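Below, chains carry the letters A, B, ... as their sequence lines are ordered, and counting in each starts from 1. This structure is a prediction, so every number in the text was calculated from the model and none was measured.
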Amino acid sequence: MESQIELKCEAVKGKNEAQVIRFVGDLDATNVQTVLERICNLFTEGKIHIVADFAKLRYVNSTGLGILLHLSKSAKEKAGSFKIANVNENVFEIVEIIGATSLLEIFDTVEEAIASLK
Amino acid sequence: MNDTPNIKVEDIPSMPEVCLIRLSGELDINSVAAMDRCFTLHADNSKKHAIADLGNVTLIASAALGKLLGIKRRFVEKGGDLVLAAMSMELKMKFMIMGANKIFKVYNDLRSAMNAYAWDVKHETERVRISFPPELAIVPAVRNFVSRVMVNKGYSDRDSFRIETIVDEICNNAVQYGSPDKKDNITLRLKVDWGKIELDAENVSDADKKANLRKHMDNLKNNIHVQGDATRGRGLALVKMLASELTAKITDTGTMVHVTKLKEE
(Lines give C-alpha, C1' and ligand atoms only; values in the text may rest on other atoms or scores of the structure.)
Protein backbone atom coordinates (compact mmCIF):
# COMPACT_ATOMS: atom_id res chain seq x y z
CA MET A 1 0.00 0.00 0.00
CA GLU A 2 2.99 2.31 -0.20
CA SER A 3 2.66 5.57 -2.10
CA GLN A 4 3.29 5.42 -5.80
CA ILE A 5 6.35 7.19 -7.07
CA GLU A 6 7.86 6.77 -10.48
CA LEU A 7 11.28 8.09 -11.45
CA LYS A 8 11.86 8.59 -15.16
CA CYS A 9 15.51 9.15 -16.02
CA GLU A 10 16.71 11.03 -19.10
CA ALA A 11 20.19 11.83 -20.31
CA VAL A 12 21.23 15.45 -20.86
CA LYS A 13 22.65 16.09 -24.31
CA GLY A 14 26.31 17.12 -24.17
CA LYS A 15 26.59 16.56 -20.43
CA ASN A 16 27.58 12.99 -19.69
CA GLU A 17 27.68 13.45 -15.95
CA ALA A 18 24.17 14.88 -15.80
CA GLN A 19 20.78 13.22 -15.63
CA VAL A 20 17.24 14.58 -15.52
CA ILE A 21 14.95 12.63 -13.20
CA ARG A 22 11.22 13.23 -13.53
CA PHE A 23 9.39 12.48 -10.26
CA VAL A 24 5.81 11.30 -10.72
CA GLY A 25 3.56 10.75 -7.67
CA ASP A 26 4.03 11.24 -3.93
CA LEU A 27 7.37 11.23 -2.08
CA ASP A 28 6.93 10.13 1.51
CA ALA A 29 8.18 7.83 4.25
CA THR A 30 6.99 4.72 2.40
CA ASN A 31 9.16 5.19 -0.67
CA VAL A 32 12.12 7.41 0.28
CA GLN A 33 14.42 4.41 0.52
CA THR A 34 13.65 3.40 -3.08
CA VAL A 35 14.32 6.93 -4.31
CA LEU A 36 17.52 7.19 -2.28
CA GLU A 37 18.84 3.91 -3.70
CA ARG A 38 17.98 4.82 -7.30
CA ILE A 39 19.76 8.16 -7.12
CA CYS A 40 22.74 6.86 -5.16
CA ASN A 41 23.16 4.25 -7.92
CA LEU A 42 23.29 7.08 -10.47
CA PHE A 43 25.99 8.79 -8.38
CA THR A 44 27.95 5.53 -8.42
CA GLU A 45 27.60 5.40 -12.21
CA GLY A 46 29.18 8.84 -12.40
CA LYS A 47 25.97 10.81 -12.90
CA ILE A 48 26.85 13.38 -10.27
CA HIS A 49 24.72 16.23 -11.60
CA ILE A 50 21.04 15.53 -11.05
CA VAL A 51 18.17 17.73 -12.19
CA ALA A 52 15.00 16.63 -10.41
CA ASP A 53 11.87 17.63 -12.35
CA PHE A 54 9.02 17.99 -9.84
CA ALA A 55 6.33 18.98 -12.37
CA LYS A 56 4.42 15.78 -11.59
CA LEU A 57 5.44 15.42 -7.95
CA ARG A 58 2.12 15.96 -6.18
CA TYR A 59 3.22 15.57 -2.58
CA VAL A 60 6.30 15.55 -0.38
CA ASN A 61 6.51 15.21 3.38
CA SER A 62 9.26 15.95 5.89
CA THR A 63 10.90 12.56 5.39
CA GLY A 64 10.92 13.06 1.62
CA LEU A 65 12.47 16.48 2.05
CA GLY A 66 15.06 15.04 4.42
CA ILE A 67 16.13 12.66 1.65
CA LEU A 68 16.32 15.49 -0.89
CA LEU A 69 18.60 17.43 1.47
CA HIS A 70 20.72 14.34 1.99
CA LEU A 71 21.02 13.82 -1.79
CA SER A 72 21.97 17.46 -2.27
CA LYS A 73 24.74 17.11 0.30
CA SER A 74 25.93 13.79 -1.20
CA ALA A 75 26.09 15.31 -4.69
CA LYS A 76 28.15 18.25 -3.44
CA GLU A 77 30.56 15.88 -1.68
CA LYS A 78 31.12 14.23 -5.07
CA ALA A 79 31.72 17.65 -6.70
CA GLY A 80 28.30 17.35 -8.33
CA SER A 81 24.94 19.02 -7.83
CA PHE A 82 21.31 18.22 -7.09
CA LYS A 83 18.96 20.76 -8.64
CA ILE A 84 15.19 20.90 -8.46
CA ALA A 85 12.81 22.38 -11.04
CA ASN A 86 9.07 22.87 -11.61
CA VAL A 87 8.05 22.68 -7.96
CA ASN A 88 4.30 23.05 -7.52
CA GLU A 89 2.85 25.61 -5.07
CA ASN A 90 1.89 23.11 -2.38
CA VAL A 91 5.22 21.31 -2.39
CA PHE A 92 7.10 24.61 -2.48
CA GLU A 93 5.26 25.75 0.64
CA ILE A 94 6.46 22.65 2.51
CA VAL A 95 10.04 23.23 1.29
CA GLU A 96 9.80 26.84 2.41
CA ILE A 97 8.34 26.08 5.86
CA ILE A 98 11.08 23.56 6.54
CA GLY A 99 13.61 26.23 5.61
CA ALA A 100 15.06 24.17 2.78
CA THR A 101 14.86 26.86 0.07
CA SER A 102 18.32 28.06 1.05
CA LEU A 103 19.70 24.52 1.16
CA LEU A 104 18.34 23.26 -2.15
CA GLU A 105 19.00 24.68 -5.60
CA ILE A 106 15.52 25.42 -6.97
CA PHE A 107 14.78 26.53 -10.54
CA ASP A 108 11.58 27.49 -12.35
CA THR A 109 12.25 25.15 -15.27
CA VAL A 110 14.36 22.10 -16.13
CA GLU A 111 16.02 24.12 -18.91
CA GLU A 112 17.18 26.76 -16.43
CA ALA A 113 18.49 24.06 -14.10
CA ILE A 114 20.41 22.42 -16.97
CA ALA A 115 21.78 25.76 -18.12
CA SER A 116 23.21 26.33 -14.64
CA LEU A 117 25.27 23.12 -14.80
CA LYS A 118 28.97 23.80 -15.06
CA MET B 1 -48.76 9.36 5.90
CA ASN B 2 -50.40 10.63 2.73
CA ASP B 3 -50.81 8.25 -0.15
CA THR B 4 -51.34 8.60 -3.85
CA PRO B 5 -49.95 6.06 -6.32
CA ASN B 6 -46.68 7.92 -6.91
CA ILE B 7 -46.03 10.34 -4.12
CA LYS B 8 -45.87 10.30 -0.32
CA VAL B 9 -44.95 13.27 1.80
CA GLU B 10 -43.36 12.39 5.15
CA ASP B 11 -41.60 14.03 8.07
CA ILE B 12 -38.04 13.20 9.02
CA PRO B 13 -38.10 12.85 12.83
CA SER B 14 -34.46 13.94 13.30
CA MET B 15 -34.90 16.91 10.96
CA PRO B 16 -38.25 18.53 11.68
CA GLU B 17 -37.62 21.37 9.24
CA VAL B 18 -37.11 18.98 6.30
CA CYS B 19 -39.86 17.32 4.32
CA LEU B 20 -39.26 13.93 2.67
CA ILE B 21 -41.02 13.34 -0.65
CA ARG B 22 -41.01 9.70 -1.67
CA LEU B 23 -41.74 9.16 -5.33
CA SER B 24 -42.19 5.79 -6.98
CA GLY B 25 -43.01 4.05 -10.25
CA GLU B 26 -43.34 5.78 -13.58
CA LEU B 27 -43.65 9.52 -13.30
CA ASP B 28 -45.28 10.36 -16.58
CA ILE B 29 -47.69 13.03 -17.73
CA ASN B 30 -50.55 11.26 -15.94
CA SER B 31 -48.74 11.54 -12.60
CA VAL B 32 -48.28 15.28 -12.71
CA ALA B 33 -51.73 16.24 -11.52
CA ALA B 34 -51.59 13.69 -8.68
CA MET B 35 -48.12 14.91 -7.65
CA ASP B 36 -49.30 18.48 -7.56
CA ARG B 37 -52.51 17.66 -5.68
CA CYS B 38 -50.81 15.49 -3.11
CA PHE B 39 -47.98 17.88 -2.50
CA THR B 40 -50.21 20.94 -2.19
CA LEU B 41 -52.54 19.11 0.17
CA HIS B 42 -49.99 17.57 2.48
CA ALA B 43 -46.79 19.52 2.37
CA ASP B 44 -46.24 21.49 5.55
CA ASN B 45 -45.79 25.13 4.65
CA SER B 46 -43.47 25.70 7.58
CA LYS B 47 -40.83 23.42 6.05
CA LYS B 48 -38.24 25.21 3.98
CA HIS B 49 -36.31 22.20 2.75
CA ALA B 50 -37.21 18.97 1.02
CA ILE B 51 -35.49 15.80 -0.11
CA ALA B 52 -37.10 13.85 -2.94
CA ASP B 53 -36.33 10.14 -2.66
CA LEU B 54 -36.37 8.76 -6.20
CA GLY B 55 -35.13 5.29 -5.22
CA ASN B 56 -38.25 3.59 -6.53
CA VAL B 57 -38.78 5.72 -9.61
CA THR B 58 -38.37 3.80 -12.85
CA LEU B 59 -39.12 6.55 -15.34
CA ILE B 60 -39.42 10.28 -15.25
CA ALA B 61 -41.04 12.17 -18.11
CA SER B 62 -40.24 15.77 -18.88
CA ALA B 63 -43.69 16.85 -17.62
CA ALA B 64 -42.96 15.28 -14.21
CA LEU B 65 -39.54 16.88 -14.19
CA GLY B 66 -41.22 20.21 -14.83
CA LYS B 67 -43.51 19.57 -11.87
CA LEU B 68 -40.50 18.78 -9.64
CA LEU B 69 -38.97 22.04 -10.79
CA GLY B 70 -42.16 23.82 -9.75
CA ILE B 71 -42.03 22.19 -6.32
CA LYS B 72 -38.36 23.11 -6.02
CA ARG B 73 -39.26 26.74 -6.83
CA ARG B 74 -41.72 26.82 -3.91
CA PHE B 75 -38.95 25.79 -1.50
CA VAL B 76 -36.42 28.17 -2.99
CA GLU B 77 -38.92 31.04 -2.59
CA LYS B 78 -39.04 30.19 1.14
CA GLY B 79 -35.24 30.36 1.31
CA GLY B 80 -34.77 26.59 1.17
CA ASP B 81 -34.31 23.97 -1.53
CA LEU B 82 -35.52 20.66 -2.92
CA VAL B 83 -32.74 18.13 -3.51
CA LEU B 84 -32.93 14.70 -5.11
CA ALA B 85 -31.64 11.39 -3.76
CA ALA B 86 -31.19 7.71 -4.62
CA MET B 87 -31.72 7.85 -8.38
CA SER B 88 -30.85 4.77 -10.39
CA MET B 89 -27.94 5.06 -12.82
CA GLU B 90 -30.36 5.00 -15.73
CA LEU B 91 -32.38 7.87 -14.28
CA LYS B 92 -29.21 9.83 -13.51
CA MET B 93 -28.11 9.50 -17.12
CA LYS B 94 -31.49 10.73 -18.31
CA PHE B 95 -31.27 13.65 -15.87
CA MET B 96 -27.88 14.56 -17.28
CA ILE B 97 -29.12 14.40 -20.86
CA MET B 98 -32.01 16.71 -19.92
CA GLY B 99 -29.54 19.02 -18.14
CA ALA B 100 -31.47 18.65 -14.86
CA ASN B 101 -28.30 17.85 -12.94
CA LYS B 102 -27.40 21.53 -13.35
CA ILE B 103 -30.64 22.58 -11.68
CA PHE B 104 -31.00 20.04 -8.87
CA LYS B 105 -28.50 18.91 -6.28
CA VAL B 106 -28.38 15.14 -6.61
CA TYR B 107 -27.19 12.72 -3.89
CA ASN B 108 -26.45 9.01 -4.18
CA ASP B 109 -28.74 8.07 -1.31
CA LEU B 110 -31.05 9.49 1.30
CA ARG B 111 -28.40 9.38 4.02
CA SER B 112 -25.99 11.46 1.89
CA ALA B 113 -28.72 14.02 1.21
CA MET B 114 -29.50 14.26 4.94
CA ASN B 115 -25.78 14.57 5.80
CA ALA B 116 -25.35 17.28 3.18
CA TYR B 117 -28.30 19.16 4.64
CA ALA B 118 -26.85 18.88 8.16
CA TRP B 119 -23.52 20.22 6.86
CA ASP B 120 -24.63 22.82 4.28
CA VAL B 121 -27.65 24.27 6.05
CA LYS B 122 -27.32 23.46 9.73
CA HIS B 123 -23.52 23.74 9.71
CA GLU B 124 -23.34 20.72 11.98
CA THR B 125 -19.97 19.26 12.94
CA GLU B 126 -18.88 16.08 11.15
CA ARG B 127 -16.92 13.53 13.11
CA VAL B 128 -14.75 10.81 11.60
CA ARG B 129 -12.82 8.14 13.46
CA ILE B 130 -10.12 6.08 11.76
CA SER B 131 -8.35 3.23 13.50
CA PHE B 132 -5.44 1.44 11.88
CA PRO B 133 -2.48 -0.78 12.80
CA PRO B 134 0.89 0.93 13.31
CA GLU B 135 2.27 0.43 9.79
CA LEU B 136 3.84 3.13 7.64
CA ALA B 137 2.35 1.64 4.49
CA ILE B 138 -1.18 2.44 5.69
CA VAL B 139 -0.52 6.14 6.34
CA PRO B 140 -0.78 7.32 2.67
CA ALA B 141 -4.29 5.87 2.41
CA VAL B 142 -5.29 7.58 5.67
CA ARG B 143 -3.94 10.98 4.64
CA ASN B 144 -5.49 10.73 1.16
CA PHE B 145 -8.84 9.85 2.70
CA VAL B 146 -8.72 12.84 5.06
CA SER B 147 -7.71 15.12 2.20
CA ARG B 148 -10.72 13.94 0.19
CA VAL B 149 -13.00 14.53 3.18
CA MET B 150 -11.72 18.11 3.41
CA VAL B 151 -12.23 18.80 -0.31
CA ASN B 152 -15.69 17.29 0.00
CA LYS B 153 -16.42 19.62 2.92
CA GLY B 154 -15.58 22.67 0.83
CA TYR B 155 -12.03 23.27 2.04
CA SER B 156 -9.72 24.65 -0.65
CA ASP B 157 -7.15 22.44 -2.35
CA ARG B 158 -4.43 24.35 -0.50
CA ASP B 159 -6.04 23.87 2.93
CA SER B 160 -6.76 20.21 2.15
CA PHE B 161 -3.12 19.71 1.17
CA ARG B 162 -1.96 21.30 4.43
CA ILE B 163 -4.30 19.08 6.43
CA GLU B 164 -3.12 16.06 4.45
CA THR B 165 0.45 16.97 5.43
CA ILE B 166 -0.48 17.35 9.10
CA VAL B 167 -2.23 13.96 9.12
CA ASP B 168 0.72 12.33 7.37
CA GLU B 169 3.25 13.71 9.82
CA ILE B 170 1.35 12.96 13.01
CA CYS B 171 0.47 9.44 11.82
CA ASN B 172 4.08 8.77 10.76
CA ASN B 173 5.21 9.90 14.21
CA ALA B 174 2.63 7.67 15.87
CA VAL B 175 4.01 4.72 13.89
CA GLN B 176 7.64 5.69 14.48
CA TYR B 177 7.40 6.40 18.21
CA GLY B 178 4.48 4.19 19.21
CA SER B 179 4.16 0.54 20.02
CA PRO B 180 5.03 -1.68 17.02
CA ASP B 181 2.52 -4.30 18.16
CA LYS B 182 0.02 -4.70 15.30
CA LYS B 183 -2.79 -5.04 17.85
CA ASP B 184 -2.06 -1.56 19.28
CA ASN B 185 -4.04 0.43 16.75
CA ILE B 186 -3.48 4.13 16.13
CA THR B 187 -6.69 6.12 16.37
CA LEU B 188 -7.23 9.32 14.45
CA ARG B 189 -10.28 11.40 15.28
CA LEU B 190 -11.41 14.30 13.10
CA LYS B 191 -13.89 16.95 14.11
CA VAL B 192 -14.66 18.92 10.98
CA ASP B 193 -16.44 22.27 11.19
CA TRP B 194 -17.07 24.93 8.59
CA GLY B 195 -14.24 27.08 9.87
CA LYS B 196 -11.78 24.61 11.37
CA ILE B 197 -10.73 21.02 11.80
CA GLU B 198 -9.56 19.40 15.00
CA LEU B 199 -7.47 16.25 14.87
CA ASP B 200 -6.55 13.88 17.66
CA ALA B 201 -4.04 11.12 17.07
CA GLU B 202 -3.69 8.58 19.84
CA ASN B 203 -1.29 5.69 20.07
CA VAL B 204 0.10 3.24 22.60
CA SER B 205 3.57 4.23 23.77
CA ASP B 206 6.73 2.31 23.22
CA ALA B 207 8.88 2.56 26.35
CA ASP B 208 12.16 2.64 24.39
CA LYS B 209 11.12 5.39 21.98
CA LYS B 210 9.19 7.62 24.36
CA ALA B 211 12.27 9.52 25.49
CA ASN B 212 13.08 10.41 21.87
CA LEU B 213 9.61 11.78 21.28
CA ARG B 214 9.83 13.84 24.49
CA LYS B 215 13.15 15.24 23.25
CA HIS B 216 11.56 16.24 19.93
CA MET B 217 8.68 17.94 21.71
CA ASP B 218 11.10 19.82 23.99
CA ASN B 219 13.16 20.93 20.99
CA LEU B 220 9.99 22.16 19.38
CA LYS B 221 9.03 24.15 22.48
CA ASN B 222 12.50 25.64 22.68
CA ASN B 223 12.68 26.33 18.94
CA ILE B 224 15.74 24.13 18.47
CA HIS B 225 15.93 23.32 14.77
CA VAL B 226 17.06 20.13 13.05
CA GLN B 227 20.44 20.34 11.32
CA GLY B 228 20.27 21.24 7.63
CA ASP B 229 21.07 17.86 6.07
CA ALA B 230 19.54 15.58 8.70
CA THR B 231 17.08 13.18 7.07
CA ARG B 232 14.55 13.02 9.94
CA GLY B 233 13.10 15.05 12.79
CA ARG B 234 11.30 17.83 10.92
CA GLY B 235 7.80 16.38 11.01
CA LEU B 236 6.53 17.97 14.21
CA ALA B 237 8.15 21.31 13.34
CA LEU B 238 6.28 21.21 10.02
CA VAL B 239 3.01 20.40 11.80
CA LYS B 240 3.62 23.24 14.25
CA MET B 241 4.05 25.67 11.35
CA LEU B 242 1.02 24.43 9.42
CA ALA B 243 -1.33 24.09 12.39
CA SER B 244 -3.11 26.82 14.28
CA GLU B 245 -2.50 24.91 17.50
CA LEU B 246 -0.47 21.82 18.41
CA THR B 247 -0.34 20.07 21.77
CA ALA B 248 0.98 16.68 22.75
CA LYS B 249 0.43 14.68 25.87
CA ILE B 250 2.91 11.90 26.51
CA THR B 251 1.98 9.55 29.35
CA ASP B 252 3.39 6.22 30.48
CA THR B 253 0.82 4.36 28.44
CA GLY B 254 0.24 6.44 25.37
CA THR B 255 0.63 9.60 23.36
CA MET B 256 -2.14 11.96 22.32
CA VAL B 257 -1.43 14.69 19.78
CA HIS B 258 -4.07 17.36 19.31
CA VAL B 259 -4.03 19.70 16.31
CA THR B 260 -6.38 22.53 15.43
CA LYS B 261 -6.26 23.94 11.93
CA LEU B 262 -8.34 26.93 10.99
CA LYS B 263 -9.74 27.17 7.47
CA GLU B 264 -7.62 29.78 5.71
CA GLU B 265 -8.92 29.98 2.16
Shortest non-hydrogen contact from [X] toward [Y]:
X: A/G66; Y: B/R234; value: CA-NH1, 3.7 Å
X: A/T30; Y: B/P140; value: CG2-CG, 3.8 Å
X: B/D168; Y: A/Y59; value: OD2-OH, 2.6 Å

Worksheet item: In chain order, what residues pass the side chain to side chain contact (heavy atoms under 4.5 Å, CB included) check against B/E198, with sequence neighbours excluded?
Response: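 If we apply the side chain to side chain contact (heavy atoms under 4.5 Å, CB included) test to B/E198, skipping adjacent residues, the hits are B/K191, B/K196, B/H258, B/T260.
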Worksheet entry | side chain to side chain donor-acceptor pair (under 3.5 Å) partners of residues 110-119 of chain B, not counting sequence neighbours, each pair once | B/E17-B/Y117, B/D109-B/S112
Separation of [Y] [atom2] from [X] [atom1] (nearest 0.5 Å):
X: B/R162; Y: A/I94; atom1: CZ; atom2: CD1; result: 8.5 Å
X: A/E89; Y: B/D157; atom1: CD; atom2: CG; result: 10.0 Å
X: B/I166; Y: A/N61; atom1: CD1; atom2: CG; result: 13.0 Å

Verify the neighbour count for atom [atom1] of [X]: are there more than 12 heavy atoms of other residues, nucleotides or ligands below 6.0 Å?
X: B/D252; atom1: CG; result: no
X: B/K102; atom1: NZ; result: no
X: B/M15; atom1: CE; result: yes
X: B/E90; atom1: CD; result: no
X: B/M96; atom1: CE; result: no

Worksheet item: Side chains of B/R143 and A/D26: closer than 4.5 Å at any heavy-atom pair?
Response: yes
Worksheet item: What part of A/E93 lies closer than 4.5 angstrom to a heavy atom of chain B: side chain, backbone, both or neither?
Response: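 For A/E93, the side chain is the part near chain B, not the backbone.
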Discussion item. At a 4.5 Å cut-off on heavy atoms, which part of B/E135 comes close to chain A: side chain, backbone, both, or neither?
Written reply: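 For B/E135, there is no contact with chain A at all, as no heavy atom is under 4.5 Å.
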